[in-house]
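Here the structure is a predicted model, which means the values were calculated and not measured. Just follow the structure's listing: the first ligand is 1, and inside any ligand the first atom is 1.
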Amino acid sequence: MGVRIHEVAVRAGVSVATASRALSGQRGVRAENRDRVLAAARELDYEPNAVAAALRSRVTHTIGMIVPRISNPFFATLVEAVEGRLQDGRRSLLLAGSHYDPEVERQQVRSLLDRRVDALVAVPCHQHHSTETIGNAAERVPVTQLDLRVDGFHGDWVGVDNEAGVFQVVDHLAALGAHSLAFVGSHPSDSSAQARLDGYERAAARHAHHSGPVLLGDFSKEWGRQAAEKLMDSEGLPDAVVCGNDTIALGVLAALIERGVRVPEEVMVTGFDDIPYAELSRPALTTVRQPQERLAAEAVRLLTSVMEGEQRPPQRIAVAPDLLVRGSTKR
Ligand code: RIB
């Protein structure tokens, strides 16, 4: 165990309160006492306790981050990218998950703030029901929204242009001759699910496709499987299934292949995100790549600028995504 302030006080011949005031540079300590305390601290190699120092200075060099689902590889990669950007030797990350539940999110954010994080990177799980939580947090610390954002809060946000990503997918499928499409996505409770659904409807209408069934559940492989079963059993298989994210698409692919449906010959399948497993599926998944390193870098840059006191209007940065064409659509 390291040297405690009590030992410094004893060596300097002063009370612990005087030693503490002298070490934290407060006024009201006689010059000779301060000199004795500083000399004792040097001789004993005293290192102030980080938590106690943080309580005094109110700066913890800790950034909070909340994401909807830690186990989704998209968010796991995003967290790692943010953490990498913070590793300038001074700041560390405190992570929490909301499980797509605005009430859990509210409690988790409060708990991060109670632990005195200096700032918050938030991926809010609901476009409406998370607004109050984000607004309240922003009254206490700088907040940057990453990937998802809420309605009715004018703060910094960085994410991809979701609609543009879905347009790229639909254009690609149309160029390959797909006439009938189905969309398997998440209920539009969060801003990305909403933008991808809107983008799909607009893009399909632009190509005068029968946009076909729109099936909405959540961002999980289980939902992907279930939706594919539904398409095979009752809706009828379209030329292509456009999925709201990669985990849904991997569930769709698995269910189709298990039933002997040939991908891409009979049905093409696309995802969104480019999680690490997307290229490992067979066939490998055509998907929209979100540049997560860039998203994380922009988010940390915005957050840092506010923490350093820069006065500027809130920024919204929509980064262009890329379409990665792989075996699930190549004919
Ligand atoms: O995979 C989870 C999805 O939810 C991602 O596409 C991300 O953009 C999000 O909001």
Legend entry - From the candidates Thr247, Val123, Asp147, Asp274, the one that places a heavy atom nearest atom 10 (O) of ligand 1: Asp147

Legend entry - Closest candidate by heavy atom, reference atom 1 (O) of ligand 1, pool Asn245, Asn162, Leu146: Asn245

Legend entry - Under 3.5 Å donor-acceptor, Thr144 side chain and Asp156 backbone: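 No, the answer is negative, given that no donor and acceptor are paired below the 3.5 Å cut-off.
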
Inset, instruction - Verify the neighbour count for atom CD of Gln107: are there more than 12 heavy atoms of other residues, nucleotides or ligands below 6.0 Å? - result: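 Yes - once you tally the heavy atoms of other residues, nucleotides and ligands closer than 6.0 Å, there are more than 12.
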
Which residue and heavy atom of the protein sit nearest [atom], plus the separation:
atom                   : result
atom 2 (C) of ligand 1 : Asn72 ND2, 3.3 Å
atom 5 (C) of ligand 1 : Asp273 OD1, 3.2 Å
atom 4 (O) of ligand 1 : Phe219 CE1, 3.6 Å

Inset, instruction - Please work out whether any backbone atom (N, CA, C, O) or any side-chain heavy atom from C-beta onward of Arg196 is under 4.0 Å from ligand 1, and answer side chain, backbone, both or neither. - result: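 The answer is the side chain.
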
Inset, instruction - For Asp171 and His207, run side-chain hydrogen bond (donor to acceptor under 3.5 Å, both in side chains): C-alpha distance rounded to whole Å, both residues' side-chain angles, the deciding distance at 0.1 Å, then the answer. - result: CA-CA 8 Å; Asp171 286 351; His207 285 287; 2.6 Å; yes

Inset, instruction - Report yes or no: does a heavy atom of Arg69 sit under 4.0 Å from some atom of ligand 1? - result: no

Legend entry - Exercise: identify the closest heavy-atom pair between Val150 and Pro124: CG1-CB, 3.6 Å

Inset, instruction - Could you please spell out the steps behind the side-chain hydrogen bond (donor to acceptor under 3.5 Å, both in side chains) verdict for Gln127 and Asp190? - result: CA-CA 5 Å; Gln127 55 175 328; Asp190 71 56; over 6 Å; no

Inset, instruction - Within a distance under 4.0 Å of any heavy atom of Ser192, pick out the atoms of ligand 1 and give their elements. - result: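 That gives atoms 8 (O), 10 (O) of ligand 1.
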
Inset, instruction - Ignoring hydrogens and angles, state whether a donor on the side chain of Arg115 or Thr62 is under 3.5 Å from an acceptor on the partner side chain. - result: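 There is no such pair (donor and acceptor under 3.5 Å, judged by atom type) between the side chains of Arg115 and Thr62.
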
